[in-house]
Amino acid sequence: MANDESQAERLPTPGPSDGAEDRGQEGDAPAGGFVQLLTPDGERVDSVTTAEGVTYSVDFTDDEYRELYKDLVTVRRLDAEATALQRQGELGIWASLLGQEAAQVGSGRALRPQDMAFPTYREHGVLYTRGIDPIMPFGLFRGVDQGGWDPNEFKFNTYTIVIGSQTLHATGYAMGITMDGKTGSPDGEAVIAYFGDGATSQGEVNESFVWSGVFNAPIVFFCQNNQYAISEPLERQTRIPLYRRAAGYGFPGVRIDGNDVLATFAVTRAALDNARNGQGPTLIEAYTYRMGAHTSSDDPTRYRIASEVESWKAKDPISRLKAFLTKQQVADDTFFGEVDESARKLALDLRERVLAMPDPQPVTMFDNVYPHGSPEVDAQRQQFADYQASFEGSGH
């Protein structure tokens, strides 16, 4: 639904924004403000114009609003199932997206089919919007395969564990798009790179900013500022809002309400369209909150207080869209129940498929080292197979 040209008004280049004059409830915005099209109470804002004169809006049909809600609920339910599987010993680790659904679904739906995405290890919602089977990353976190899919088929790169490294890959890919002459028109290509607020302290991310700015690369840097880099709060990462860093590298930055799926879609779509039309990079700071742990190995109660979590629950991305749909009589209890039941069935199917994943034979670790094989790897495979065979019948 989000790949139709009619979904969002074509907009001018977003500029560094210290807020928007009409963004909803004042108490919901961080210092400096952000772009918001749907308040925590479910009130719609028709459009937002920033101090630089950039206007953002969306124009969805009732069906499209309902589809966005279904996306948010489904993604959260699948994530909850994954967390449960990890707690039951069925996954080695899991990085939950709880609380960040709007940032991921909104930006993922803003991508056009030809655009390329470079995720971290938490973009399960973006993965879902790209049409990838949700089972795909579970092999990685269960430890039975490399969690791979064909990045070219889905225009979605494989998960990246090393913090910030994917921004360099994305920048190089974006520069290649330009060299191939695939920018400069509405049908051109663009790239989006996802990372967290903590990653902005990594050298790779800053190097990506430098190269993208200098070479006018068709890329959108999408920072999900969930307030904590594992256990470090944002104030330990930066002395200014993250989106304002873009100005130092020569391209625009804009901060959005990351719990607002409508604002996320509008700003991301505009930034991607600007990139594909040859107007260079944009940094989007999605101001959101990680409701759960950094990963299942983390204990967030050691570094944040319960009242902070409770205050963010009032800004929940699903609750606000549900409130909007109800107020506008776009959806009723029957629809909400059907969505919940559909998500439950999908999660149950996912659980059953995860538990049925076969354990690989150890020798298969050599299978995909090189696409066309290697005499050295073949020799190592044989040596390993002989070593394994030496234990047969020995009682070891």
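- Taking a 6.0 Å sphere around CD of Q361, one finds it holds 12 or fewer heavy atoms contributed by other residues, nucleotides or ligands.
- The ring of Y69 has its center closer than 6.0 angstrom to the ring center of F336.
- Taking each heavy atom of S185 and N277 in turn, the nearest pair found is C-OD1, 3.2 Å.
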- prompt: Run the side-chain hydrogen bond (donor to acceptor under 3.5 Å, both in side chains) check on D316 and Y289 step by step: do they pass?
  reply: CA-CA 9 Å; D316 184 78; Y289 194 78; over 6 Å; no
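- Y303 and L98 fall within a single hydrophobic cluster, where Ile, Leu, Val, Met, Phe, Trp and Tyr side chains are chained together by heavy-atom contacts under 4.5 Å.
- Put simply, CE on M175 and CG on N216 are 11.0 Å apart, with the number rounded to the nearest 0.5 Å.
- More than 12 heavy atoms of other residues, nucleotides or ligands lie within 6.0 Å of CG in D332, so this atom counts as buried by the packing criterion.
- Electrostatic pairing of K313 and E310 counts as a salt bridge here, judged by a charged N lying under 4.0 Å from a carboxylate O.
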- request: Test salt bridge (Lys or Arg N to Asp or Glu O under 4.0 Å) on D71 and R66 and set out the steps.
  value: CA-CA 9 Å; D71 284 345; R66 286 189 287 263; over 6 Å; no
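- Using a 4.0 Å cut-off between charged side-chain N and carboxylate O, K327 and D41 make no salt bridge.
- Between W149 and D133, the side chains place no donor N or O within less than 3.5 Å of an acceptor N or O (distance only, hydrogens not considered).
- The pair R244-E285 fails the salt-bridge criterion, with no side-chain N (NZ, NE, NH1 or NH2) lying under 4.0 Å from an Asp/Glu carboxylate O.
- Heavy atoms from other residues, nucleotides or ligands lying under 6.0 Å from CD of Q329 number 12 at most.
- Between S374 and E376, the shortest heavy-atom distance links the atoms OG-OE1, 2.9 Å.
- Using a 3.5 Å distance cut-off with no hydrogens or angles, the side chains of Y249 and N206 do pair a donor with an acceptor.
- No side-chain donor-acceptor contact under 3.5 Å links S165 and E204.
- Counting all heavy atoms, side chain and backbone alike, L140 lies closest to D145 at N-OD1, 3.3 Å.
- Under a 4.0 Å N-O distance rule, the pair R112/D273 qualifies as a salt bridge.
- Checked by atom type, the side-chain pair Q114/E189 shows no donor-acceptor distance below 3.5 Å.
- Between R276 and D115, at least one side-chain N (NZ, or NE/NH1/NH2) sits under 4.0 Å from a carboxylate O, which counts as a salt bridge.
- Linking Ile, Leu, Val, Met, Phe, Trp and Tyr whenever their side-chain heavy atoms come within less than 4.5 Å puts L355 and F141 in one cluster.
- Looking at R344 and D349, no side-chain N of the basic residue comes within less than 4.0 Å of a carboxylate O on the acidic one, giving no salt bridge.
- With contacts defined as side-chain heavy-atom distances shorter than 4.5 Å, the pair W94/R122 does not qualify.
- A 4.5 Å side-chain heavy-atom check between N157 and Q166 finds every atom pair outside the cut-off.
- In summary, the aromatic rings of Y159 and H124 are positioned with their centroids under 6.0 Å apart.
- Side-chain contact between E338 and S342: absent, with no pair of heavy atoms (C-beta onward) separated by less than 4.5 Å.
- Considering only heavy atoms from C-beta on, I256 stays 4.5 Å or farther from D260 through its side chain.
- Classified by interplanar angle (parallel below 30°, tilted 30° to 60°, perpendicular above 60°), the ring pair F265/F60 is perpendicular.
- Between the CD atom of Q279 and the CG atom of N274 there is a distance of 4.0 Å, given to the nearest 0.5 Å.
- Across A84 and R351, no two heavy atoms sit closer than the pair CB-NH2, 4.0 Å.
- In this structure, OG1 on T178 lies 12.0 Å from OH on Y173, to the nearest 0.5 angstrom.
- When each of R130, Q224, Q100 is checked for a side chain to side chain donor-acceptor pair (under 3.5 Å) with E123, only Q224 meets the rule.
- Of all heavy-atom pairs spanning A229 and G198, the tightest one is CB-CA, 3.3 Å.
- For the atom pair CD (Q202) and OG1 (T200), the distance works out to 9.0 Å, reported to the nearest 0.5 Å.
- Using modelled atom types and a 3.5 Å distance limit, the side chains of D386 and Q382 yield a donor-acceptor pair.
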- request: Just do the side-chain contact (heavy atoms from CB on, under 4.5 Å) check on F324 and E43 with the steps written out, would you?
  value: CA-CA 6 Å; F324 167 74; E43 296 296 331; over 6 Å; no
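- Between the side chains of Y228 and R236, no donor-acceptor pair of N or O atoms lies under 3.5 Å.
- Hydrophobic cluster membership is shared by V377 and F384, with clusters built from Ile, Leu, Val, Met, Phe, Trp and Tyr side chains linked at under 4.5 angstrom.
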message: Test side-chain contact (heavy atoms from CB on, under 4.5 Å) on F366 and D378; report intermediate values, then the result.
response: CA-CA 8 Å; F366 298 95; D378 290 343; over 6 Å; no
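- Under the 30°/60° scheme for interplanar angles, the aromatic rings of H294 and Y121 are found to stand perpendicular.
- Side-chain contact between L350 and F138 is present, with heavy atoms from C-beta onward closer than 4.5 Å.
- Each of F221, F222, F118 was evaluated against F195; a single residue qualifies, F221, per the side-chain contact (heavy atoms from CB on, under 4.5 Å) test.
- A salt bridge does not link R76 with D79: none of the charged nitrogens is closer than 4.0 Å to a carboxylate oxygen.
- Looking at L127 and P137, their side chains come closer than 4.5 Å, going by heavy atoms from C-beta outward.
- A salt bridge between K70 and D63 is absent, with no side-chain N of the basic residue lying under 4.0 Å from a carboxylate O of the acidic one.
- Inter-residue side-chain proximity for F154 and P151 is flagged as unmet; no heavy-atom pair is nearer than 4.5 Å.
- In the model, R142 has no side-chain atom that pairs as donor or acceptor with a side-chain atom of Q86 under 3.5 Å.
- L37 and S57 make their closest contact through CD1-CA, 4.1 Å (heavy atoms, listed as atom of the first residue, atom of the second, distance).
- The structure places OG1 of T120 at 8.0 Å from CD1 of I161, a figure rounded to the nearest 0.5 Å.
- Note: the hydrophobic cluster containing F34 does not contain L242 (ILVMFWY, side chain heavy atoms under 4.5 Å, direct or indirect links).
- Contact check on K182 versus D187 returns no salt bridge, with no Lys/Arg side-chain nitrogen under 4.0 Å from an Asp/Glu carboxylate oxygen.
- Both I135 and V75 belong to a single network of hydrophobic side chains, linked directly or stepwise wherever heavy atoms of I, L, V, M, F, W or Y lie under 4.5 Å apart.
- Donor-acceptor pairing under 3.5 Å is recorded for the side chains of T171 and S212.
- To the nearest 0.5 Å, atoms OG (S208) and NE2 (H169) are separated by 9.0 Å.
- Using a 30° and 60° split on the angle between ring planes, F215 and W211 fall in the parallel class, below 30°.
- For the pair Q227 and Y287, the minimum side-chain heavy-atom distance is below 4.5 Å.
- In this model, no donor atom of one side chain and acceptor atom of the other lie less than 3.5 Å apart for N226 and T288.
- Side chains of Y194 and S107: a donor-acceptor N/O pair is present below 3.5 angstrom, by distance only.
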